[in-house]
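First comes the structure, then the notes that go with it.
Chain identifiers are assigned alphabetically (A, B, ...) following the order of the sequence lines, protein sequences preceding nucleic acid strands; residue numbering begins at 1 within each chain.
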Amino acid sequence: ALPFGKKLTREDIELVEEILIGADVGVITTEEIIEELNEAVKNGEITGGDAISILEERLIDELGEPLRIDVRAKPHIILVVGVNGTGKTTTIGKLAHRFKNDGKKVLLAAGDTFRAAASEQLAVWAERVGVDMVMGQHSSDPAAVIFDAAKKAGAKDYDVLIADTAGRLHTKKNLMEELKKIVRVVGKAVEGAPHDTLLVIDATTGQNGLAQAEVFHSAIKLTGIIITKLDGTGKGGIAIAIRRKLGVPICAIGTGEKIDDFVDFSPQDYVKAMLE
Amino acid sequence: QLTERLNQAFKSLTGRGKLSEKNIADGLREVRRALLEADVNFKVVKSFIESVQQEAVGEKVMKSITPGQQIIKIVHDKLVDLLGGRGVQSIKLPKANPTIVMLVGLQGSGKTTHAAKLAVWLRERKWNPAMVALDVYRPAAAQQLQILGNQISVPVIVPQMLETPLSCANRSIAEAQMKGYDILILDTAGRLQIDDEMMRELEELQLRLRPQCVFLVVDAMTGQTAVEVGQEFARRVGIDGFILTKLDGDAKGGAALSLRAVVGKPILFIGTGEKTDAIEPFYPDRMANRILG
Ligand SMILES: Nc1nc2c(ncn2[C@@H]2O[C@H](COP(=O)(O)OP(=O)(O)OP(=O)(O)O)[C@@H](O)[C@H]2O)c(=O)[nH]1
Ligand SMILES: Nc1nc2c(ncn2[C@@H]2O[C@H](COP(=O)(O)OP(=O)(O)OP(=O)(O)O)[C@@H](O)[C@H]2O)c(=O)[nH]1
Ligand SMILES: [Mg+2]
Ligand SMILES: [Mg+2]
């Protein structure tokens with residue numbers, strides 16, 4: 001136990017560093033967290049417990065409230081975005097399954113009109129889940145596909161529309177402009193849309209995850225983050241840096257490739273898994 | 001930038017005598033941060049910094065460059081060395097009947113896309129390639145490879161109804177021999193290195209097919225876990241080289257150093273875009289600049 005008013009020991013700091021850096025929290029965020037913990041110990045805000053348990057408490061606190069999607073609007077439109085290969089299309093299948101089980105009428109929009117077999121991939125998910133899907137021609141304007149889907153969602157009384165988009169590196173200005181256009185256009189189709197914009201991040205991503213979140217968030221306002229592939233050895237620690245810097249909450253995590261490998265985000269479970 | 005940060009750290013130094021242990025320790029603290037920020041593995045950074053430290057001790061302070069620049073030069077040269085040395089490492093593809101290249105890796109790393117890129121690259125070098133879709137799990141995986149094959153006019157062999165990957169692979173070998181394809185590119189399903197059943201599938205493919213070249217396809221934005229992934233694929237399947245993808249983004253790509261240092265196999269190609277021509281050979285000194293930049 002830490003004696004009142006003392007600093008964290010050299011060993012404590014090295015242990016915390018290794019855990020946080022090893023989890024992809026990043027060296028700068030890690031240094032900040034260690035500094036804050038040191039201050040808290042010096043000021044007597046923390047008077048006991050080992051380094052790991054005070055770290056656990058701090059990280060859980062840091063992550064704040066998870067995002068729980070609140071299907072208020074009708075149709076409630078969710079835009080799913082992120083860089084290439086993170087798990088957007090698969091996650092949409094899982095999300096659709098979740099909403100359908102909650103008794104919602106769900107529509108999907110195959111907004112990736114670029115990548116080979118992207119719409120076909122989403123179509124398989126639509127069929128598995130038992131929901132309708134709107135798709136366009138290959139190379140058609142994704143904004144047009146999503147606009148049509150939004151109009152249909154409104155006209156045909158759907159509760160939720162989930163729009164898939166093509167993976168895009170945040171460094172590609174023209175692709176980020178395309179995304180801004182999608183947001184403008186869907187807002188014209190349905191007032192207040194998109195009601196949620198979710199960034200999908202791969203749990204194995206390192207520091208680039210923060211740049212991704214920053215650029216996507218400044219281009220189109222994110223309402224939540226989904227971390228996929230947490231069934232692997234990646235810890236997704238960059239989500240902590242993202243939460244600290246941008247304040248965007250985490251909504252859910254992907255824990256596999258099957259339809260129900262989808263878990264509401266729990267800061268406690270997530271931090272415990274990171275620290276073991 | 002690292003150079004500026006190091007110059008700041010060494011403002012008071014003049015170009016005389018040797019770099020002191022303290023100079024080096026201060027400089028290396030900045031280098032360590034830069035390497036970790038670039039996603040180089042924590043343990044790899046530790047041993048890298050230690051070896052640079054040993055090399056830097058006693059180096060004479062050079063008159064023509066600042067101490068900060070001098071430390072960077074030592075670090076840069078060592079990085080280039082670790083990444084494979086000057087120049088490009090060429091891929092060895094012995095003739096077999098047919099030669100078999102297999103792509104493996106985590107989900108979403110870019111395997112399917114790079115199968116097509118490799119097919120184009122090989123054809124430019126007078127091979128007659130065909131691609132084989134061995135991913136029987138992901139929705140529309142075979143279709144994805146087929147569409148790419150159509151785009152580049154390379155034949156694609158896809159699994160039949162309920163056919164296993166091994167059976168499809170064997171059938172593609174027979175087809176290659178019959179139709180004169182001299183190289184087959186096998187695209188496998190993405191998998192976690194800790195998924196025992198999926199890793200056993202790969203072990204069996206490797207054992208039965210004896211591919212001449214197994215590439216681990218790795219996303220350049222992969223963080224600290226790259227080492228665990230690389231080691232496990234190398235241990236269970238055997239890796240001949242890496243393809244580092246999505247380098248057209250701004251990920252520093254430190255995973256490259258971690259993989260090369262820990263697995264000891266070369267990075268042979270990098271992916272620089274979504275189109276089928278976006279593949280280049282790997283240049284260690286360009287990568288070193290990127291990691292340190
Ligand atoms: N293990 C694991 N694999 C996942 C998870 N989520 C998605 N995947 C896999 O990751 C790969 C990529 O998933 P996609 O849904 O195609 O990813 P995407 O972001 O839509 O990809 P692009 O549209 O090409 O940018 C697939 O093989 C999925 O099965 C997860 O939570 N765990
Ligand atoms: N910008 C960029 N995108 C890439 C690159 N390589 C692949 N991609 C994209 O990354 C995403 C995933 O590529 P895939 O080829 O489907 O990846 P995979 O490893 O086959 O995925 P699984 O089969 O699900 O494991 C797609 O959107 C590709 O277009 C690259 O070098 N640069
Ligand atoms: Mg997709
Ligand atoms: Mg694939």
Taking every heavy-atom pair that is under 4.5 Å apart, which of [options] has the most such pairs with chain A?
options: B/R32, B/R138, B/Q151, B/Q146; result: B/R138
options: B/K246, B/E228, B/Q107; result: B/Q107
options: B/D39, B/T113, B/I194; result: B/D39

Looking at [options], which has the largest count of heavy-atom pairs under 4.5 Å with chain B?
options: A/E257, A/R128, A/K172, A/Q121; value: A/Q121
options: A/I21, A/D231, A/T228; value: A/I21
options: A/T86, A/T205, A/I238; value: A/T205

Is [X] salt-bridged to [Y], going by a charged N under 4.0 Å from an acidic O?
X: A/E177; Y: A/K173; value: no
X: A/R58; Y: A/E62; value: no
X: A/D112; Y: A/K88; value: no
X: B/E232; Y: B/R235; value: yes

Open item on the list: Under 4.5 Å from any heavy atom of chain A, what part of B/Q193 do you find: side chain, backbone, both or neither?
Closed with: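 B/Q193 touches chain A through side-chain heavy atoms alone.
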
Open item on the list: Is B/L106 close to chain A through its backbone or its side chain, or both, or neither, when contacts mean heavy atoms under 4.5 Å?
Closed with: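 The side chain, not the backbone.
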
Open item on the list: Testing the 3.5 Å rule here: is there a donor-acceptor pair between the side chains of B/H114 and B/K117?
Closed with: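 Yes, because at least one side-chain N or O of B/H114 sits under 3.5 Å from a partner of the opposite role on B/K117.
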
- [ ] Please work out which of the three classes, parallel, tilted or perpendicular, describes the rings of B/W121 and B/F269, given edges at 30° and 60°.
- [x]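 B/F269 vs B/W121 ring planes: perpendicular.
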
Task: Structural part of A/I28 lying under 4.5 Å from a heavy atom of chain B - done: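 Answer is both: backbone and side chain atoms of A/I28 are under 4.5 Å from chain B.
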
